[in-house]
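My questions will all concern the structure given below.
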Amino acid sequence: MSSTEPLYNVQRVDQQIKPRQPPARPPQIFPLLCLHCTIMASPPRSPGQPNRPCSEDGIPVVDLAVLVNGDARERSQAVRHLGRACQDWGFFMVTNHGVPEDLQSAMMDACKELFGLPPEQKAEFMDAGPMDPVRVGTGFNSAVDGARYWRDYVKMFAHPELHCPAKPDGLRGVAAEYAARTRGLLLELTAAISESLGLPAGRIAERLDLGSCFQILVGNHYPPCAAGPDDDDGAVGLPAHSDHGLLTLLFQNGVDGLQVKHDGRWLLAKPIPGSFFVIAGDQLEIVSNGRYKGVLHRALVDRAQARMSCVSLLGPCLDAVVKPVPELAVPPLGLEFRGVKYRDYMEHQQSNKLNEKGALDLVRVQRHILTDTLCSS
Ligand SMILES: O=C(O)CCC(=O)C(=O)O
Ligand SMILES: [Fe+2]
């Protein structure tokens, strides 16, 4: 990258995003409605086989309205489709999800406003560690990154308790509502995923103590960068990784950049308008005993436009010891993972360099090592 480019620190963001004026209209109120009442079925908007809707690139599309309100036959088809999406991709889009578009925009706007605040208004969160409930920073974990990632972020623990910077005004209200609505959606998906594994709908929730689930909201901002990932020494927003949680919900500001690894290749994910991306995380891989894998993904930067994404991640209760559901540990292989307290797992993943699925490998039962060692001796 040329030396004329902006300094790579949070200051750079402040130079690029001007603080916004407070909105002229009063803040919107998003009443907490029952998910089942707000989801309306609509005709399929994607190609693919009739019972396997997908985007033009083949990314599976799951219609939540069918999962929640479909008749028995439609539901069981939708559950099977969801299971295939988790097994073959670890990644899909969800439509008819019931989270109001206005609420999504309000969340994105509030994050953008936060990135545009003067540094002194964010300073108290900029030295925070990975397990602190509010954190503002650059890169992934700049203390250990060893590479410069072209990304600014804000992370807020949202459940069991919402933690949130006091500024910008209005962030807390929007974040509370957004967290509640997306948590409902993620729990609904978890129940259907449990069914897709042949388990009762509540089995994963019970196993991971999702009544006290952990949830984090993340705002990501990737400034434009003329030197892209295809150039030598070009900028990368976030390197290849899987997420530490169970499921991640993500939407972006209309600028593409999320890539997922599918069948050994990186695929740029292009959203169906109004949908969320859903990313399977490491805890889903553990609890499903490896049936559903946490998917590798990364974020690229755009040469001309700032990219933003908003993430809502659902994880087990921080004190839950996550182990595979025993019903899924079929002989002769048995358990693929040993138990790990989610708090310890998350702290480890967040405190170290992002390294693909390195954190998960630590809890994987390593059968081959012994065999290889014995073979080589
Ligand atoms: O911004 C994106 O598209 C990816 C973000 C992401 O992977 C993350 O926050 O874990
Ligand atoms: Fe991620």
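What you see is a predicted model; the values in this text were computed from it and never measured. Counting starts at 1 for both ligands and their atoms, following the listed order.
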Salt bridge present between Arg203 and Glu195 (N-O < 4.0 angstrom)
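No, Arg203 and Glu195 are not salt-bridged.
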Tell me if the aromatic rings of Phe251 and Phe277 count as close, with their centers under 6.0 Å from one another.
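When the ring centroids of Phe251 and Phe277 are compared, they turn out to be at least 6.0 Å apart.
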Element-labelled atoms of ligand 1 that are located less than 4.0 Å from some non-hydrogen atom of His297
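The atoms of ligand 1 under 4.0 Å from a heavy atom of His297 are 7 (O).
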Which atom pair, heavy atoms only, marks the closest approach of Arg207 to Pro324?
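Taking every non-hydrogen atom into account, NH2-O, 3.0 Å.
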Just to be sure I read this right, does ligand 1 sit under 4.0 Å from the backbone of Leu250, its side chain, both, or neither, counting only heavy atoms?
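For Leu250, the contact with ligand 1 is made by the side chain alone.
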Min heavy-atom dist His241 to ligand 1 below 4.0 Å
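It does; at least one heavy atom falls under 4.0 Å.
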Can you list everything that forms a side-chain contact (heavy atoms from CB on, under 4.5 Å) with Arg172? Sequence neighbours excluded, please.
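Arg172: side-chain contact (heavy atoms from CB on, under 4.5 Å) contacts with Leu162, Cys164.
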Any salt bridge between Lys112 and Asp109, counting N to O under 4.0 Å?
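Looking at Asp109 together with Lys112, the answer is no, because their closest N to O distance does not fall below 4.0 Å.
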Have a look at ligand 1 and work out which part of Ile279, if any, has a heavy atom under 4.0 Å from it: side chain, backbone, both or neither.
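Under 4.0 Å from ligand 1, Ile279 contributes no heavy atoms.
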For atom 9 (O) of ligand 1, the protein heavy atom that lies nearest, with its residue and separation:
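Result for atom 9 (O) of ligand 1: Asn220 ND2, 3.2 Å.
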Can you see whether Tyr292 engages Ser196 through a side-chain donor-acceptor pair at a distance of less than 3.5 angstrom?
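Yes, because at least one side-chain N or O of Tyr292 sits under 3.5 Å from a partner of the opposite role on Ser196.
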What atoms of ligand 1 come within less than 4.0 Å of a heavy atom belonging to Ser309?
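Those atoms are 1 (O), 2 (C).
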Cation-aromatic face contact Lys155/Phe157, 6.0 Å, 45 degrees:
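The answer is no, since Lys155 fails at least one limit relative to Phe157.
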So which heavy atom in the protein is nearest atom 3 (O) of ligand 1, and how far is it from that ligand atom?
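Nearest protein contact, heavy atoms only, for atom 3 (O) of ligand 1 is Arg307 NH2, 2.9 Å.
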Judged by non-hydrogen atoms, does Arg151 sit under 4.0 Å from ligand 1?
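Judged by the 4.0 Å heavy-atom criterion, Arg151 does count as contacting ligand 1.
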Tell me, which protein N/O/S atoms are under 2.8 Å away from the Fe ion (ligand 2)?
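For the Fe ion (ligand 2), the protein N, O and S atoms that sit under 2.8 Å away are His241 NE2, Asp243 OD1, His297 NE2.
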Shared hydrophobic cluster for Leu103 and Leu185 (ILVMFWY, side-chain gaps under 4.5 Å):
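Hydrophobic grouping puts Leu103 with Leu185.
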Within 6.0 Å of CG in Asp127, more than 12 heavy atoms from elsewhere
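Atom CG in Asp127 is not packed in, count stays at 12 or less.
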Starting at CG of Leu189, measure out to CG of Leu64 and round the result to the nearest 0.5 Å.
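So the gap between those two atoms works out to 5.5 Å.
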Which option, Tyr153, Tyr222, Phe251, owns the non-hydrogen atom nearest atom 1 (O) of ligand 1?
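Among Tyr153, Tyr222, Phe251, the closest heavy atom to atom 1 (O) of ligand 1 comes from Tyr222.
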Tell me which part of Arg298 gets within contact of ligand 1: side chain, backbone, both or neither, using heavy atoms under 4.0 Å.
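The answer is neither; Arg298 stays 4.0 Å or more away.
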Given side chains that start at C-beta, do those of Arg343 and Met131 come closer than 4.5 Å, heavy atoms only?
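Side-chain contact under 4.5 Å: yes.
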Starting from atom 6 (C) of ligand 1, which protein heavy atom do you reach first, and at what distance in Å?
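Its nearest protein heavy-atom neighbour is Leu238 CD1, 3.5 Å.
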